[in-house]
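Report on one structure; see the data block that follows.
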2 protein chains.
Amino acid sequence: MPPTTEEKIKSAARTVFHSKGFAATKTRDIAKEAGINLALLNYYFRSKEKLFQIIMMDSIHSLFQSILPIFFEEETNFFEKIEKFVSLYIEKLKTDPEIPLFILSELQRNPLVILEQVPFKEIFETSVFHKQYESAIEKKELNSISYYHLLMNLAGLTVFPFIGKPIFFQVGNLTSEEFHRLMEERKKWIPIWIKQMLTNELQAS
Amino acid sequence: MPPTTEEKIKSAARTVFHSKGFAATKTRDIAKEAGINLALLNYYFRSKEKLFQIIMMDSIHSLFQSILPIFFEEETNFFEKIEKFVSLYIEKLKTDPEIPLFILSELQRNPLVILEQVPFKEIFETSVFHKQYESAIEKKELNSISYYHLLMNLAGLTVFPFIGKPIFFQVGNLTSEEFHRLMEERKKWIPIWIKQMLTNELQAS
DNA sequence: GTCTATAACGTGATAGAC
DNA sequence: GTCTATCACGTTATAGAC
């Protein structure tokens with residue numbers, strides 16, 4: 001079944017918006033990428049703004065839908081959740097590496113539209129993951145480090161390599177294959193590093 | 001001494017470019033922010049593009065000039081350099097939190113202009129920091145983890161909280177004061193975490 | 001150096017034929 | 001549904017008075 005015109009436009013819009021952002025994207029670029037006429041874009045989506053909102057919501061959804069259930073699982077423990085999250089997220093970012101920077105860039109310029117629609121807060125506060133963390137802290141099984149530090153470390157270690165990719169490529173003449181190999185290694189390392197942070201004796205200097 | 005007109009324009013341009021990026025910035029916004037007439041912008045800087053290049057080079061310079069010398073010091077050891085870097089960088093990012101996202105966003109859309117002018121590669125390959133790392137690996141004082149992992153972890157842990165700030169604020173109703181307190185804590189924790197990664201027994205699962 | 005007025009152009013969107 | 005042609009507007013940049 002060949003893609004419909006609507007799908008061709010959405011797919012082209014995703015590509016162009018992801019790489020250039022809203023302001024730098026011309027509707028003509030999208031039409032050209034989709035191999036259709038400019039007028040069709042407005043016929044199907046009314047305006048550039050409407051089309052963008054759809055792509056943005058799709059992008060957020062595609063980035064979070066796969067990993068959210070992990071944090072709400074009852075049958076896995078705290079560190080198993082971290083392992084699953086890191087593996088799945090790196091896998092996702094290997095195929096769509098531009099999405100985080102896309103979201104974060106547009107977020108700075110238009111916070112409300114995005115943040116209002118994504119219940120980050122509820123997600124993290126009410127998750128089983130959060131409960132397991134609090135419980136482990138209370139039982140002194142884990143070092144008492146702020147939950148925010150944990151989230152920042154998890155996100156920073158997992159996502160940042162993809163955001164800073166062009167710089168790392170420049171620093172090391174890294175090829176795409178080498179980069180992917182490094183990301184595969186990180187699937188194993190990041191959970192180990194996180195576990196160390198939370199369980200080892202921490203000697204403040 | 002009051003700021004010259006040229007300085008007022010540059011300062012306004014920095015503010016607006018940093019928050020909106022090149023494409024979304026209108027020269028009228030800059031003129032208004034600077035409290036001057038639109039024509040003056042072209043009188044002093046010829047074009048929006050030229051003005052942007054100046055701001056971009058300034059931003060890169062301001063983000064790297066303070067931390068680069070650290071990596072080339074002869075008198076400090078490997079872990080002392082990490083401590084100094086983290087402290088200085090977080091301090092810098094507390095006053096200019098938008099610069100990393102600004103650079104990374106524009107980088108994706110226009111890699112050459114930026115990467116050509118910043119010798120990241122030389123910086124890291126020829127640094128004393130890199131030599132100390134290689135030497136410690138050879139003497140088996142450190143776990144043999146790729147240098148890229150080290151750079152990614154260092155950058156991810158330090159910079160990512162500032163890039164993802166709006167999300168963390170949403171997740172936790174974090175106030176600006178609490179965020180700054182967390183960043184102060186990270187000045188101490190990040191070097192410790194990095195040291196653990198490099199020196200502790202790492203049990204692969 | 002600084003301003004007002006305006007030229008030149010690009011872009012989002014629509015009208016209307018097919 | 002899809003196209004060509006065109007409108008309406010905003011934006012960058014400049015001309016020219018002061």
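Below, chains carry the letters A, B, ... as their sequence lines are ordered, and counting in each starts from 1.
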When all nucleic acid strands are considered with a 4.0 Å heavy-atom cut-off, which category describes Tyr44(B): base, sugar-phosphate, or nothing? sugar-phosphate

Contact class for Thr25(B) (heavy atom, under 4.0 Å): base, sugar-phosphate, or nothing? sugar-phosphate

Can you confirm whether Lys10(A) sits close enough to Tyr44(A) that some side-chain heavy atom of one is under 4.5 Å from a side-chain heavy atom of the other? no

Axial cation check for Phe22(A) ring with Lys48(A), 6.0 Å and 45° limits: yes

cation_pi(Lys195(A), Phe79(A)) dist<6.0 Å, angle<=45: yes

In this structure, how many angstroms lie between the [atom2] atom of [N] and the [atom1] atom of [X], rounded?
X        : N       : atom1 : atom2 : value
Glu49(B) : dT11(D) : CD    : C1'   : 15 Å
Phe45(B) : dT2(C)  : CZ    : C1'   : 15 Å
Asn42(B) : dC3(C)  : CG    : C1'   : 14 Å
Glu7(A)  : dG1(D)  : CD    : P     : 13 Å
Tyr43(A) : dT4(D)  : OH    : P     : 17 Å
Arg46(A) : dG12(C) : CZ    : C1'   : 13 Å
Asp29(B) : dT12(D) : CG    : P     : 8 Å
Ile9(A)  : dC3(D)  : CD1   : P     : 9 Å

Look at the side chain of [X] and decide which nucleotide, out of [options], has an atom nearest to it.
X        : options                  : answer
Ser47(B) : dG12(C), dA13(D), dT4(D) : dA13(D)
Leu40(A) : dT2(C), dC3(D), dT14(C)  : dC3(D)
Asn37(A) : dT2(C), dA13(D), dC3(D)  : dC3(D)
Ala39(A) : dC3(D), dA13(C), dA13(D) : dC3(D)
Leu38(A) : dA13(C), dC3(D), dG1(C)  : dA13(C)

So, under a plain 3.5 Å distance rule, would you say the side chain of Arg28(A) forms a donor-acceptor pair with the base of dG12(C)? yes

Which is it for His18(A) and Phe102(A) under the ring-ring contact (aromatic ring centres under 6.0 Å, His included) test, yes or no, and what are the steps along the way? CA-CA 6 Å; His18(A) 279 181; Phe102(A) 168 68; 4.8 Å; yes

Can you tell me if Thr27(A) touches the phosphate of dA13(C), counting only side-chain N or O atoms and a distance under 4.0 Å to OP1 or OP2? no

Specify the closest pair of heavy atoms between Arg186(A) and Pro161(A), including all atoms of both residues, with the distance to one decimal. NE-CG, 3.7 Å

